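These notes are about the structure you will find just below.
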Number of protein chains: 2
Amino acid sequence: MSPRAAADDGRGSRRRHPTIVDVAERAGVSKSLVSLVLRDAPNVSDEKRAAVTKAAEEIGYRPNAVARSLVRRRSNLIGVMVSDLHNPYFTEVIDGIQEAARGSGYHALFNTGGRAAVEEDEALDTLLQLRTDGIVMAGPVLSPRRIAAVAASVPVVVVAKHSRSPAHDSITNDDRMGARIAVDHLVSLGHRRIAHVDGGRGAGSAQRRAGFLDAMDRHGLRSSARIVTGAFTEEGGRDGVTTLLGDRRGVTAVFVGNDLAAVGALDAFDDHGLRVPADMSLVGYDNIALAGLGHIDLTTIDQPRRDMGVTAVRLLLERHDEDRRSARHLVVPPSLVVRGSTGPPARIGSA
Amino acid sequence: MSPRAAADDGRGSRRRHPTIVDVAERAGVSKSLVSLVLRDAPNVSDEKRAAVTKAAEEIGYRPNAVARSLVRRRSNLIGVMVSDLHNPYFTEVIDGIQEAARGSGYHALFNTGGRAAVEEDEALDTLLQLRTDGIVMAGPVLSPRRIAAVAASVPVVVVAKHSRSPAHDSITNDDRMGARIAVDHLVSLGHRRIAHVDGGRGAGSAQRRAGFLDAMDRHGLRSSARIVTGAFTEEGGRDGVTTLLGDRRGVTAVFVGNDLAAVGALDAFDDHGLRVPADMSLVGYDNIALAGLGHIDLTTIDQPRRDMGVTAVRLLLERHDEDRRSARHLVVPPSLVVRGSTGPPARIGSA
DNA sequence: ACGGAACCTTGGAACGTTCCAGACGTGAGA
DNA sequence: TCTCACGTCTGGAACGTTCCAAGGTTCCGT
């Protein structure tokens with residue numbers, strides 16, 4: 001009598017999982033044949049195939065991915081470290097990753113670092129020890145050094161954070177261009193005195209600031225461009241606008257660093273009795289779901305986040321399956337989404 | 001010369017990961033000793049311990065969790081299937097899970113099913129094949145049958161969906177109680193004619209409806225209670241309110257099924273020129289981040305989501321480590337969060 | 001009738017760990 | 001001096017797969 005026949009695992013607990021050998025015994029074939037059938041290889045007789053399938057079904061066999069990855073030395077897993085799951089920006093990227101992974105025979109598994117470097121490090125370590133075939137880092141706050149170190153042992157693609165590292169790939173949107181689009185839109189509506197409440201030291205903030213100035217310049221409005229410091233939070237937007245309104249010189253439109261901050265701005269305008277868009281136009285950035293709510297209805301700059309997720313997986317597979325060695329840093333174009341927070345400037349007060 | 005010394009893996013690609021044997025060779029000890037040191041066992045001389053640690057460090061050794069789980073027959077992984085990552089409700093539950101897992105030497109790994117049963121099934125299969133030590137299902141839309149089937153091979157706890165299955169544990173908030181709290185709050189402000197825009201067939205919707213009627217009854221307001229059908233979406237709330245306002249009989253307050261729908265309701269009130277809370281009080285449910293935004297400022301019912309996540313992990317470990325066999329179905333109390341969307345009813349129109 | 005190709009099936013090694021049983025000192029107690 | 005215990009270290013089996021080389025059949029062409 002085989003030792004396995006001794007039933008449960010001794011702790012009197014949950015019965016051990018059936019293995020390929022159990023299936024083989026029941027079907028009266030070798031374990032190798034079972035393996036072949038389960039991976040549906042050609043050159044297996046219909047008879048045996050049926051017997052194995054039936055036996056597997058009957059005992060509720062479920063392949064052990066652990067043993068499989070060990071011997072194959074690949075897990076078919078894509079690990080995704082998301083810096084912050086609370087940020088709705090990432091959830092759509094995740095959708096794209098999930099979709100692309102499923103479509104290529106991989107499974108995506110997520111992790112989060114709660115915007116803290118130590119935790120991100122731990123999360124990455126888990127992914128690394130699991131021997132995932134590739135790692136996506138969504139908006140990491142980790143140091144470039146550490147990211148490069150991870151990239152030394154597994155393909156890595158960084159999403160939503162600019163990088164020029166030769167060690168890994170990255171994919172970001174063109175923040176400069178996005179800011180320019182926002183300004184162009186406002187100018188086309190007739191605005192001249194436009195302010196920017198920036199995102200402080202947040203990711204992409206510097207580029208958006210540069211794009212803003214750049215665009216104002218092109219329209220010959222450099223002198224009426226105004227920038228105040230904010231942050232990528234509701235509060236950052238509120239404070240920025242408050243500062244701005246303290247000494248505004250006929251500003252009729254504001255481009256805010258991101259949507260969350262724009263909502264804060266909306267709030268501040270409310271407090272000052274300014275109506276949007278009648279008295280003040282407002283443009284955000286990112287097009288998070290929030291911006292589309294009827295009650296907020298924010299004109300904003302959209303990043304093709306889902307596509308970015310899909311592309312991230314593609315980049316990973318190029319490295320893993322096609323053995324690409326050189327780094328690729330992709331920059332995708334953002335686009336304008338016009339909603340109800342922008343309109344022509346009020347006649348009164350226009351210079 | 002050992003075959004391993006042949007450098008890379010033949011595909012000319014990424015160098016293979018160093019193993020415990022590589023560390024052993026370099027440190028001049030057996031692989032068993034390396035294993036002992038790495039799991040810092042007692043009874044290892046300081047000298048050897050140092051040698052092993054140094055060697056591991058030098059060659060950048062990182063344990064292979066796959067091999068480890070295979071032989072130990074436990075992965076120290078908690079798999080979390082989240083039905084919908086877009087729903088901010090879950091992100092806080094996730095925080096709790098992550099925190100509790102870390103605190104107990106486990107790692108949490110997430111998955112998502114995009115609110116579709118087939119995809120949820122696939123996601124669970126991935127988790128099952130990975131041999132996670134336990135699975136948390138956050139708001140599954142999967143059939144109870146299928147959930148029970150999964151629970152037959154691994155401990156399962158369902159979060160945010162009522163269940164009485166003997167096969168697994170669950171943790172939910174007391175929706176009846178939450179609805180009662182909402183009504184009590186409105187009544188205490190002086191409201192009498194209160195309506196409920198429900199969540200249709202959404203999870204917990206029936207209980208919230210029952211709690212609403214129950215509370216109205218207790219206050220002797222059964223006859224002025226009004227319920228209209230909605231859904232747990234912005235649109236559901238908007239439509240519900242529109243229906244309601246079509247034939248309102250002096251309604252001064254509305255309790256909406258969840259926060260998202262409440263935002264839709266806010267919108268509909270706007271459209272009808274009703275000011276909140278001056279003309280109409282509004283209470284939501286769930287206390288998602290959105291509700292706290294200054295611009296929305298919604299009074300709502302809070303579920304202790306983070307705690308629910310922590311508790312879910314605890315339930316899992318009770319089964320896995322302490323071998324509990326009987327099912328536990330926990331119900332936690334929700335609480336009121338008063339913000340700016342509720343106030344006393346307007347004098348005009350009060351009966 | 002014979003060789004070999006084509007097809008199907010199988011045993012065993014390997015993947016990188018953990019764990020068990022036992023080997024090898026060394027020092028204490030008899 | 002001989003045992004025995006203790007502390008330290010090691011080899012080998014096991015975990016559940018995949019994959020390779022090779023073993024059998026069957027069938028075809030000559």
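Note that the coordinates shown come from a computational prediction; the quantities given were computed from them, not determined experimentally. Labels below follow one simple rule: chain letters A, B, ... track the order of the sequence lines, proteins then strands, and each chain is numbered from 1.
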Give the rounded distance in Å between these two atoms: [atom1] of [X] and [atom2] of [N].
X	N	atom1	atom2	result
B/L70	C/dC15	CG	P	14 Å
A/N76	C/dC15	CG	P	20 Å
A/N64	D/dC15	CG	C1'	9 Å
A/R74	D/dC19	CZ	P	10 Å

Is [X] near enough to [N] that one of its side-chain N or O atoms lies under 4.0 angstrom from OP1 or OP2?
X	N	result
B/S30	D/dT10	yes
A/R73	C/dG16	yes
B/N43	D/dG7	no

message: How would you summarise protein contacts on nucleotides 18-26 of chain C per nucleotide, using B for base, S for sugar-phosphate only and - for none, with heavy-atom distances below 4.0 Å?
response: BB-------
query: So, for A/L70 and B/A67, which heavy atoms are closest and what is the spacing to 0.1 Å?
result: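 Reported closest heavy-atom pair: CD1-CB, 3.8 Å.
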- prompt: Out of B/R328, B/R324, B/R164, which one pairs with B/D169 under the salt bridge (Lys or Arg N to Asp or Glu O under 4.0 Å) rule?
  reply: B/R324
message: Checking B/T53 against B/R49 for the side chain to side chain donor-acceptor pair (under 3.5 Å) test, could you report, in this order, the C-alpha distance in whole Å, the side-chain angles of both residues, the deciding distance, and whether it holds?
response: CA-CA 6 Å; B/T53 311; B/R49 186 182 299 278; over 6 Å; no
- prompt: Looking at A/R74 and A/D321, does any basic side-chain N land under 4.0 Å from a carboxylate oxygen?
  reply: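 Yes, A/R74 and A/D321 are salt-bridged.
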- prompt: With sequence neighbours excluded, what pairs up with A/D95 under the salt bridge (Lys or Arg N to Asp or Glu O under 4.0 Å) test?
  reply: A/R306
task: Could you check whether A/V66 gets within reach of a base, just the sugar-phosphate, or nothing at all, counting any heavy atom under 4.0 Å?
output: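 Nothing: the residue A/V66, judged by heavy atoms under 4.0 Å, touches no strand.
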